[in-house]
Amino acid sequence: MKKILFATLTIVVLVLLAIWSPWLRWNIDLANLFGVRKPDSISGLQVSSLAGEIEVFIDNNSVAKVTPDISPFILDRVTPGDHLVTLKRTGEFADSYSTFNKLITFEENSAVVIGYNIGPDEVFSEGHIIYTTKKENSNSDSKLNITVNTKDFNLTFDGLPVEKVESNTKVMSVDFSRQHEIKIGKSGYESLVFTLLPEMQSDRDKLKNSDFNVDIQLMLQPVEVNNI
Amino acid sequence: MIPEKYRLKNTIKYPTSVIIGGLNKLGLEIADSLIEQGGYVIIVDAYTPDADAKLSVFSNNALISFLDYTAIPHLDEDIRRLDYVFYFQHDSEDLNKKISTSEFLNLSNYLDASLNLAKKFNAKFLLTTSIKAHQLILSKQDLNLEYGYGISSSRHTIYTEMELQKYAESLAIEYFEREKLDIRIIRLGELIGDGIDFNNSTAFTQILLDAVTNNQIRLRKDGLDTEWYVNILDAAYGIIKAQFSRVTTGEIYSLTYETPFTNLSVAYKIQEYDSDAREIIFLDETDNLPPLKLYKPAPNLSSIGWNPKVNFDKAVKQSLAAAKIFILENKSLTKNNNNLVDKIKGFLALAETDTTMSSEAGAVSRLIAERKRQEELKKQSITNAAQASQKRRRPKKTFREKLEDGLWSFFRGLGESFNIFKNKSPSQIVLMLGVIVVLVIFYINYFSPVIALGRNLLILYPEVSQIEKSVSKGNFSEIKSNLDTVSFHFEDTRNIFTKFQGLASLLALDNQYNEVQKNLEAYSIFIDGAKNLSKGLEPFNTYLKNLQNNTVARAATDSYVSLSSSGLDYSDIFAQLNNSFPYVQDGIAKIQKSSGIINSLNYSLIPDFLVQNLNPLNTKINSVALTTENMDTVKYFNSLFGIDSPKTYLFVILDNTIPSPLGGYISAYAMVTMNKGSIVETVVQSTDDTNFKFNTLSESDLQLINLRKFGIKTKANITINDLASIKNIDDFNTIISKVFKESFSREISGVVTINADSLNSLVHFVNDNTGRTVEINSVTFGKDDVLRQIQLAQSDNQNSRSRNAIFAQLAGFVLNNIIDVLKMNSAGLVANLTNSALNRDLLTSTSGLEYQDYIVSNDFNQSAVLNNSLPVDLAFSINDPKYLGSDKMPSFTTAIESQVNSDLSLDNKLSFRFPNLASTAEISLCLPASISDSSIVVDNIPIERYVKATYNEEKCTNIMVISESNVSLKWKTAPVGKITSDSLREVTYGILKIRGGSNTLDMKVTADPTLRIEEFVPQVGQNGNSFAFTSQPKNDTYVKIVLKK
């Protein structure tokens, strides 16, 4: 009888302890215990202005002002996670320009690359945002997801025309052996050219576990006014 | 030389007992009992020639060893386990016998060594002494005689056997008190019965020997001296019981019959049992001792449940029998009975002073001498043991021996600390430790994570349910705390789950693991999305919280709703909303993504018990995804809520019990102007109470109005309800905006048509959320069906005007409460309106606003089907002023039969059945303008009762019906079809829902035998080269046929 009671009590205690399970939340870093500091997980931001002076905000905090001459601005210590990136034109007529506002997920050990020309309206703004996301399936090849603000665009990859894309998205695989030049164009819109992947192979190799996302804003060409 | 079979057995497996001084009947009985119970017994005694004979009672396989007394000092090194020690100190030839101080010291050191041995192994110790010794010591204490009585001329203290026993008890008690040794002391009565030792010269043995040798039974003094007795076997049983009993620790017990017996009573018993026994004689003796006082022994062992099994009488009989056997075994005793006693006396006296064997003694003296030699051997052995322990030199041990000893010591110590390891060998302990470590690893890495997972899922489910509830009400500020809890427990779940990856790989369950991981990833994305969405919509929640209901219900017909104030300026809040829009976008995208991942899960890979737990969560997430899908419309709020500039909206109330192409009879309207987030102007009226102006309408506008009319309307005779013949809501918006601009000088930014079904739904929604109702003409509206209530409200006043007024008041009721409903349940309100829009009970057009993009993309203006290559647009209207509507929606049945010809042209036949509600009605069928007039044929209506009209891309055939209840039309469509590949042609056409009533659509498509139907939508049963279906469409119907030549 006593043994059965003892056994029952033990099982109950073990189950209750398992429900609590404080050891599951202990983060014992052996490296730290031995005085070895692991590198902090960081992300980065690179902003280039394609025209005019742009003030860069992260989570509503101003971090820099960028012009085409002093581009790109590089911020190399951004905490991974979601951050609101805002770009605003500065200067006398700043209020006449639209504002670029986007919530971007900064992945560990990668940088978000933005190149923008902010116009008076969104349709008259152009630019690209390149950011990475973790691959859904680690065994599959890395993908390049291109999203454009308009449909029926032309895609040129490393100087070679790929195809006319009927929708506003295109998915391709990524070759990590070199950098790539991508051109997006459409009749009635200004074409946009940008470079994908870092220059160094070692830096490119670090991104092999990620998918690439490029959001393109093509600028509508203003209507030509013929002087009579 | 001690035989090999009695050598020490180095084992830890068996409970081990040491019986010191145990080579006698009592010791052997105890040893036998212990061996029978599976124990290992080591008897320590002096090795005499008859030791083998005594030990031969045990089989060769018995777990028994025999050691000399010299073994005790180093026995701790030789054995691995010791559980019980029995130390027999009760046996003494003569308690008054003097022993030297050094002998006393040796004997007491030996006891000390034995106690130390027990202490080292944490063994239980039992010391036996004799009651007689205790009795004598007490009597000597009374006389204040110390250390031997009688006068001695020695200059040193004289010790006796009884003092040795007293010291033994004291030392034992000291070990109990100081060293906490588990010890008990048993004082034995005189051992009698089978196995009695006749070498002990006691009154009992003397009486027995007198009786069996046919001598007078001699009793000393008056024979009333009492003695305490116990049967040998009962003593053995009692000693074992005392040793194993927990309650005896630290106690002294007597092991004897309950009562003492006088020598005289013993003599009488013997006379009774032995008929040959002679008479009793009393010997005068004087010992100068006072009479023995009543002696109270220590508590009897019967207090712990021991009971003698052999009663005194039987024991006496056994003793008598033993005595006879003893005598028979010694024949020389039969010669001279009278001299025998003297001889025995003499030899005993001789034995006391002379240890050498006398040649004249004979058998008795041999026995006595044997006994003396045993005593001497014992003393010698003990002395040697004492000497050995004093100058004990530990033999030099090899490294291996030292290591072994060290290991044994360590593990023994472990056994003392943890009961579970007690009396286990090092290898057993290591194995047990290994098992424990494995169990702990299993518990920490697998068992507890599984339990913790279950805990987390139990916590997550109600939290996610709460989130779902809050989201469905549009209350995003409330979900923050839920999200924090969900986030915490979910991250915990993820971390726990990653621990199983290794195990999954090991068990080749990678696919299953990855699928569950995918599900968890979806949750992670959902949580991120919900957090961002909540953050993004926070300003909107602030707006709703601060929004004031400045509308006031009125009974006046100029407007059933007015305003108490111009409201507040909420521009700042909307600016914040604008800034946080990226969070909304991101939140919605992530929630949709998580829903997408969940819907792509392969549940067959996930174990059933996990599916049962994950499925409810997944369902909730999908529900949230559905609710939040269109929340990115907040980007239009700046415009819609009049933040950038004031916006005026027109809500047109249609009585669809009086059908029209637009969706019903225009009964009432509400015009609402928004500025900076507040309602700044409102007019709610019946159309009968409004003077509409149509002067700004152009010819083109009139053409549009007349497109679906049998008759022609001009500016001169046009009424507001003629506008109801415009089916396309965007066209209607254009026209009615012109009318309202002229009539009210207001720019209309958006038009919404609300039919009676939708109004009914809104009235109930207001009541469900606020509990409010409205009383019109003594009828309460809010809970029951609006149309039935309208009939009741009109019971005394059945006319169009009163009906329209009621609609207007209902519209006013909804408008008056809409702000409160919006604050309480914004998401629910949106869902209600969305549902009405999808059923075509509510149509929207905001041509001048960005919001129009959303309307078009969701087809809330029912224009998508018109962009289809083959729209079939049917409408029904009643223009009879005598028809006042009903409490039921009309029902329409449309049957379409299409024949796809080999050239991909279509021969279509339409049969339209409708209710006979009024004396006249109009039916319009609008088709693409490309269809030639001649190909459109009306079968059953005379030509004078139908006309054809064209406007832009539409060609309409308008039929007036008088008494008919169905019309039948035919038309031919030119070859159509999109080429999808070399041999495949795709033909699509759309059949618009007839607004305002319930629709039944019967459709049949047959292809030419040269064509084969490869695929078709909707998915219905195919019969050869044709398919047919019947449906009750809530929305427009799309038909797609893929054909192959």
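Below, chains carry the letters A, B, ... as their sequence lines are ordered, and counting in each starts from 1. Quantities reported herein were computed from a predicted structural model and do not represent experimental measurements.
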Would one find more than 12 heavy atoms of other residues, nucleotides or ligands at under 6.0 Å from atom CG of L503(B)? yes
Give a yes or no on whether D572(B) atom CG has more than 12 heavy-atom contacts from other residues, nucleotides or ligands under 6.0 Å away. no
Determine the option with the most heavy-atom pairs under 4.5 angstrom with chain A, choosing from F447(B), F581(B), Y443(B). Y443(B)
Within the distance-only criterion (no hydrogens, no angle test), does the side chain of N101(A) pair as donor or acceptor with the backbone N or O of P582(B) below 3.5 angstrom? no
Under 4.5 Å from any heavy atom of chain A - which part of I496(B): side chain
So, taking the atom named CG in L84(A) and the one named CG in N579(B), what distance separates them when rounded to the nearest 0.5 Å? 8.0 Å
Could you tell me whether E850(B) atom CD has more than 12 heavy atoms of other residues or ligands within 6.0 Å of it? no
Tabulate, in ascending numerical order, the residues of residues 518-537 of chain B having at least one heavy atom closer than 4.5 Å to a heavy atom of chain A, or enter 'none'. N532(B)
Flag yes if more than 12 heavy atoms outside L5(A) fall under 6.0 Å of its CG atom; otherwise flag no. yes
Could you pull out all residues at least two apart from S96(A) that satisfy side chain to side chain contact (heavy atoms under 4.5 Å, CB included)? F93(A)
Could you tell me which portion of D492(B) (side chain, backbone, both or neither) has an atom closer than 4.5 angstrom to a non-hydrogen atom of chain A? side chain
If you count heavy atoms of other groups shown closer than 6.0 angstrom to OH of Y603(B), is the number above 12? yes
Would you sort out whether K590(B) and T105(A) count as a side chain to side chain contact (heavy atoms under 4.5 Å, CB included), showing the intermediate values? CA-CA 11 Å; K590(B) 284 182 173 161; T105(A) 303; 3.3 Å; yes
Taking everything shown except K151(A) itself, do over 12 heavy atoms lie less than 6.0 Å from its NZ? no
Donor on one side chain, acceptor on other, S448(B) and W23(A), under 3.5 Å: yes
So what's closer than 4.5 Å to chain B heavy atoms on V85(A): side chain, backbone, both or neither? neither
Contact part of L17(A) toward chain B, heavy-atom cut-off under 4.5 Å: side chain, backbone, both or neither? both
Counting only heavy atoms from other residues, nucleotides and ligands, does the tally under 6.0 Å from CD of E629(B) exceed 12? yes
